[in-house]
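All remarks here apply to the structure that follows.
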Amino acid sequence: MPSPLRRLLPLSQTLATAATPAPLLHLSRRLLFSSSSYVYAPSCFPFPRAASLRALAYRGQAGGGGRRGHQPLLRRRNSTLGKKSKEKMDGEGGVGGAGEAEVAFNKTRAEGKDGRKGRSMELKSRKLNPVNTICYVQILGTGMDTQDTSPSILLFFDKQRFIFNAGEGLQRFCTEHKIKLSKIDHIFFTRVCSETAGGLPGLVLTLAGIGEEGMSVNVWGPSDLDFLASAMRSFIPNRAMLHTHSFGVEQNVSSSQSKDAAVIIDDEVVRISAMFVKPRHNNEVSSLNDSNLKPGDTAIIYACELPELKGKFDPAKAAALGLRPGPKYRELQLGNSVQSDASDKMVHPSDVLGPSIPGPIVLLVDCPTKYHMHELFSLQSLGCFYEDSSEQTETSKKVNCVIHLGPSSVTKALDYQNWMRRFGAAQHIMAGHEIKNMGIPILKGSARISSRLHFLCPHLFPSSGFWPVEPVNDVDSEKNKACESVSAANLLKFHLRPYAQLGLDRASIPSITTYGDIVDELLSEIPEIKEVPEQISKFWKNAKSNSGKLQDGTPLRASGWRKHSKEYPDIPCCVENATREDMEITFLGTGSSQPSKYRNVSSIYINLFAQGGILLDCGEGTLGQLKRRFGVSGADEAVKSLNCIWISHIHADHHTGVARILALRSKLLKGVAHKPLLVIGPRPLERFLNAYSTLEDLDMQFLDCRHTLKPSIEAFLSDNVTESTTSQLENTIFAPGSRMENYSRKPASPRDTTALANLKEVLHESGLEVLYSVPVLHCPQAFGVVLRAKEKVSSAGKVIPGWKVLYSGDTRPCPALIDASRDATVLIHEATFEDSMKDEAIARNHSTTKEAIAVGTSAGAYRIILTHFSQRYPKIPVFDEVDMRKTCVAFDLMSVNLADLPVLPKVLPHLKLLFKDEMVVDESDEVQEAVMY
């Protein structure tokens with residue numbers, strides 16, 4: 001299908017004083033970001049000459065539905081598809097059939113031809129309320145505990161909402177704390193990078209899926225924002241629209257030399273202006289010529305100024321000046337002069353109004369590194385906000401609150417503290433990363449589930465949801481002697497209106513809960529669960545009875561598994577001889593479509609211990625989940641030791657966390673000899689990462705999944721490309737004449753050949769014999785993956801085959817996947833829907849629980865672990881225990897060691913007691929409520 005035209009729109013009425021928007025300008029994709037920008041004249045928009053503004057409204061083109069491409073999920077057993085889905089789908093064959101014709105799936109979705117026309121999502125238009133009864137700024141504590149992303153700031157008005165920064169986890173945070181995302185009118189970025197903008201793609205896609213037509217939001221940032229918008233076009237679906245507005249200063253002009261800030265919004269409610277801060281290295285006179293400067297290094301300081309409150313009208317003074325009660329009283333209160341009714345004298349507002357109260361002012365300061373400090377301190381546009389006696393002028397403004405987003409390593413520097421004093425009595429809120437915040441989980445619902453699961457089975461759930469924090473000598477954490485400052489807390493407010501409440505408000509800060517509190521609550525809620533931990537631990541005690549060294553790596557053969565062969569039949573040799581340092585699977589996200597209160601989106605960490613690790617899919621919030629599982633420093637080590645990231649398909653719930661992982665790894669390894677990280681994925685992902693790399697160093701090498709199919713990999717690893725091996729491609733889903741022929745692999749370029757050579761090194765370093773991709777039925781370029789470890793030799797000289805793990809990605813059951821799963825040690829298969837919703841599963845090219853289990857059973861997989869559950873199953877999905885003999889359900893932060901596979905299915909029935917009253921709870925309503933109302 002031809003790609004839709006891109007569109008360039010002017011600003012809406014909320015952003016400019018123009019009465020109506022200009023006509024649409026249709027541009028080809030080639031011209032989307034290279035076209036000249038619109039510069040609004042001072043007469044129509046209050047911009048200083050140095051600033052320019054671009055208003056972009058973007059329609060992406062990726063087919064197949066995208067991360068939010070799924071239609072809103074239907075209620076359980078309330079299918080509206082019925083016969084229609086069967087009429088539109090190809091046959092209803094079982095998963096065990098030999099031919100592709102027997103596999104039921106949505107052909108148009110698999111080919112990326114959704115059939116729905118792109119929808120134009122209008123920006124919200126609200127009536128402004130200049131005299132606000134309520135106005136405040138609030139700390140949204142995303143990343144405060146995990147330190148993986150920047151906190152967001154909410155500027156709340158009765159009729160408008162503004163958010164500053166949208167890092168990973170913002171959407172999940174808002175669901176947890178009932179913050180209505182659909183009420184957000186504008187999003188501003190203090191920097192354009194993965195730390196501050198990692199949550200934007202998911203947020204935009206979620207808003208696009210609301211209602212019949214979808215919703216949109218204005219996104220503001222420096223000119224660097226264009227790079228992010230350009231990168232996002234590789235996966236934003238047609239029906240999502242991204243309205244981005246970039247602003248910047250003239251070339252070759254230092255931001256500190258500009259006396260005027262760039263005014264972005266100026267209406268009856270608030271005036272928001274921006275000031276630019278760029279890093280300056282080695283005391284350079286100007287930072288603009290620094291060849292190492294990346295676009296994402298630019299930081300923005302925002303000033304939010306509320307209008308003044310007019311003084312109280314004095315009727316007595318008005319009467320004394322000859323005015324009769326009536327419309328003229330109103331004109332004077334609005335600031336207009338009127339003529340006296342008793343004479344020709346003009347009466348001015350100042351004659352009858354009391355003194356005005358200046359409007360509150362809030363500054364948001366992001367100083368990410370010490371290299372930004374010099375230019376920050378030199379900003380001339382900040383001069384009007386200082387209270388130094390030597391610089392007091394008629395234009396001076398009193399700042400009421402300054403929110404500092406920089407890390408404590410910067411904000412606690414002596415020079416920075418001295419600079420803070422220049423704002424006089426302003427209240428300073430230190431919202432940057434601080435060690436002491438790590439012990440307070442921001443996602444309390446998720447932490448509560450993790451704590452309960454840890455109490456029941458610490459073997460599979462080693463993370464309690466909490467971790468101890470070393471005491472810090474933080475003398476200025478609560479009150480700083482130099483100036484009025486406090487450490488930020490999650491949901492801390494600073495009231496701006498009504499004026500009588502001006503100041504801090506801690507009432508919304510969540511109470512602190514400990515692991516012990518959650519366990520006590522569980523025991524009082526379900527008293528019979530007290531015995532469950534001991535019952536579960538018996539599964540491991542039998543193995544430990546003959547050897548106390550199992551935790552240190554003693555093989556299971558030596559630790560007693562063989563004595564219980566009747567209880568654990570058919571244990572594969574690779575498991576029977578496994579140590580606890582061979583391999584462990586950690587589920588970082590087990591939900592589908594979008595982050596929810598209890599389940600993050602898809603991500604699996606294969607821990608190979610001394611041999612590194614591999615990420616299979618990397619949805620938004622993957623880094624935060626790593627830190628919740630391994631701790632902040634432990635997660636950093638895991639990121640540094642990554643060997644490879646493999647992505648199944650281009651839907652956003654499977655890949656939008658990649659940039660954050662890559663950027664952090666590049667930062668952690670800076671100055672250390674290392675190789676670029678290999679990223680294997682569908683080709684559109686490469687376009688996204690290449691475009692994004694203009695903002696941050698990602699330090700990666702890309703390899704197309706289509707070059708890692710089994711025939712290609714086996715031929716490459718054997719260095720023997722024969723006609724017989726290459727012809728095996730004809731037996732895949734991409735075979736000539738098949739439905740997916742158009743998506744078959746292209747001839748490898750020299751760059752791909754180099755990446756394949758690096759893959760060979762990755763396999764060697766990881767102790768793997770092979771890694772190859774398997775085409776599956778979901779959307780264009782969707783894949784599963786097979787990992788097989790090298791065989792090893794026991795101390796007795798016996799050859800022990802390596803373990804084999806298969807991850808399905810998103811898919812319908814298909815023969816290719818069954819063939820690839822033959823004799824797998826572990827099959828990780830998606831199970832988005834329960835068995836009664838097969839029609840929905842076919843329509844969206846997903847699998848039901850029973851279908852996923854049938855794939856593993858047909859293939860003879862030893863263990864099956866189900867994941868990628870719909871939001872309608874927030875805590876535990878619906879399943880039939882009859883089918884669970886060799887199957888387990890995945891939870892977020894669950895770690896399955898190779899040595900623990902024999903006991904895995906036996907644990908699940910005990911975990912069900914934890915959720916006995918919550919098996920069918922539809923959290924999609926809760927997520928929708930958090931987004932909409």
query = Side chains of N490 and I440: does their closest heavy-atom pair fall under 4.5 Å?
reply = no
query = Rounded to the nearest 0.5 Å, what separation is found between the NE2 atom of H243 and the CH2 atom of W220?
reply = 12.5 Å
key: Distance-minimising heavy-atom pair for M144 and I139   = SD-CG2, 4.3 Å
key: Main-chain N/O of L443 paired with S446 side-chain donor or acceptor, under 3.5 Å   = no
Backbone of H374 reached by a side-chain donor or acceptor of S378 within 3.5 Å = yes
message = My understanding is that only residues two or more places apart in sequence, or in another chain, count here; which of them pass side chain to side chain donor-acceptor pair (under 3.5 Å) with E305?
response = K397
task = Locate the shortest heavy-atom distance separating A431 from P151; write the atom from each residue and the value.
result = O-CG, 3.3 Å
ask   = With a 4.5 Å limit on heavy-atom distance, are the side chains of L491 and Q138 in contact?
value = yes
key: Side-chain donor/acceptor of R660 to backbone N/O of D148, under 3.5 Å   = yes
note = Taking every heavy atom of E168 against every heavy atom of T622, the minimum-distance pair comes out as OE1-N, 4.0 Å
task = Evaluate the side-chain proximity of M438 to D145: yes if any heavy-atom separation is below 4.5 Å, no if none is.
result = no
ask   = Around atom NZ of K370, are there more than 12 heavy atoms of other residues, nucleotides or ligands at under 6.0 Å?
value = no
ask   = Roughly how far apart are C401 SG and I361 CD1, rounded to 0.5 Å?
value = 11.5 Å
ask   = Checking side-chain contact (heavy atoms from CB on, under 4.5 Å) for the pair L382/M275: CA distance, chi angles, key distance, verdict?
value = CA-CA 8 Å; L382 275 177; M275 292 151 274; 3.7 Å; yes
Six-ring centre of Y386, R422 cation under 6.0 angstrom, axis tolerance 45° = yes
Crowding at CG, L668 (>12 non-hydrogen neighbours, <6.0 Å) = yes
query = With a 4.5 Å heavy-atom cut-off, do D505 and F494 have their side chains touching?
reply = no
inquiry  = What I'd like to find out is whether the side chain of V192 reaches to under 4.5 Å of the side chain of F227, using heavy atoms alone.
reply    = no
query = Nearest 0.5 Å, what's the CD1-SG distance between I163 and C174?
reply = 5.0 Å
ask   = Does the side chain of I429 reach to within under 4.5 Å of the side chain of V486, using non-hydrogen atoms?
value = yes
task = Taking side chain to side chain donor-acceptor pair (under 3.5 Å) as the test, write out the residues that go with D699, two or more places apart.
result = H674
query = Can D636 and S633 be said to form a side-chain hydrogen bond (donor to acceptor under 3.5 Å, both in side chains), step by step?
reply = CA-CA 5 Å; D636 287 347; S633 59; over 6 Å; no
query = Side chains of T190 and D366: is there a donor and an acceptor less than 3.5 Å apart?
reply = yes
ask   = Looking at side-chain heavy atoms only, is the closest gap between T369 and D297 below 4.5 Å?
value = no
request  = Could you tell me the separation between the OG atom of S408 and the CD atom of E434, rounded to the nearest 0.5 Å?
outcome  = 5.5 Å
query = Is D185 reaching over with its side chain to a backbone N or O of R161, donor-acceptor style, under 3.5 angstrom?
reply = yes
message = Using the side-chain contact (heavy atoms from CB on, under 4.5 Å) definition, which of the options V402, L376, L364, L405 pairs with I301?
response = L376
remark   = The side chain to side chain donor-acceptor pair (under 3.5 Å) partners of Q501 (sequence neighbours excluded) come to none
query = Does the pair K310 and E308 meet the rule for a side-chain contact (heavy atoms from CB on, under 4.5 Å), with working shown?
reply = CA-CA 6 Å; K310 301 294 183 182; E308 66 178 11; 3.5 Å; yes
query = Where the side chain of H433 meets the backbone of T149, is there a donor-acceptor pair that is under 3.5 Å apart?
reply = yes
Q427 side chain to L504 backbone, donor-acceptor under 3.5 Å = no
task = Kindly indicate, with the supporting measurements, whether the criterion salt bridge (Lys or Arg N to Asp or Glu O under 4.0 Å) is fulfilled by E195 and R191.
result = CA-CA 8 Å; E195 184 181 2; R191 282 174 290 135; 3.5 Å; yes
key: Residue that, paired with H186, satisfies ring-ring contact (aromatic ring centres under 6.0 Å, His included) out of Y302, F162, F164   = F162
ask   = Would you call the rings of Y136 and F156 parallel, tilted or perpendicular if under 30° counts as parallel and over 60° as perpendicular?
value = parallel
ask   = T656 and P201: which non-hydrogen atoms are nearest, and at how many Å?
value = CG2-CB, 4.1 Å
ask   = Does a donor on one side chain and an acceptor on the other come within less than 3.5 Å for D226 and S223?
value = no
note = What one should report as the nearest heavy-atom pair of N165 and L170 is O-CD2, 4.2 Å
task = Return the orientation label for the W419 and H404 ring planes: parallel under 30°, perpendicular over 60°, tilted otherwise.
result = perpendicular
message = Looking at A638, is its backbone amide N or carbonyl O close enough to the side chain of S641 to form a donor-acceptor pair, meaning the two atoms are under 3.5 Å apart?
response = yes
ask   = When you measure from the side chain of E620 to the backbone N and O of G169, does any donor-acceptor pair fall under 3.5 Å?
value = yes
inquiry  = Test side-chain contact (heavy atoms from CB on, under 4.5 Å) on L140 and I153; report intermediate values, then the result.
reply    = CA-CA 6 Å; L140 307 183; I153 308 298; over 6 Å; no
message = Tell me whether D697 is salt-bridged to K294, with the criterion being a basic N under 4.0 Å from an acidic carboxylate O.
response = yes
ask   = Under 4.0 Å between a Lys/Arg side-chain N and an Asp/Glu carboxylate O for R280 and E375?
value = yes
request  = Please lay out, stage by stage, how S396 and E387 fare under the test side-chain hydrogen bond (donor to acceptor under 3.5 Å, both in side chains).
outcome  = CA-CA 8 Å; S396 294; E387 291 194 7; over 6 Å; no
task = Could you walk me through whether V137 and L154 pass the side-chain contact (heavy atoms from CB on, under 4.5 Å) test, one step at a time?
result = CA-CA 5 Å; V137 287; L154 172 67; over 6 Å; no
request  = Answer yes or no: is there a side-chain heavy-atom contact under 4.5 Å between Q171 and L181?
outcome  = yes
request  = Supply the atom-to-atom distance R271 CZ to D266 CG, rounded to the nearest 0.5 angstrom.
outcome  = 4.5 Å
remark   = Nearest heavy-atom approach of I661 to C618 is CG1-SG, 3.8 Å
ask   = Going from CD on E696 to CG on D224, what distance comes out if it is rounded to the nearest 0.5 angstrom?
value = 10.5 Å
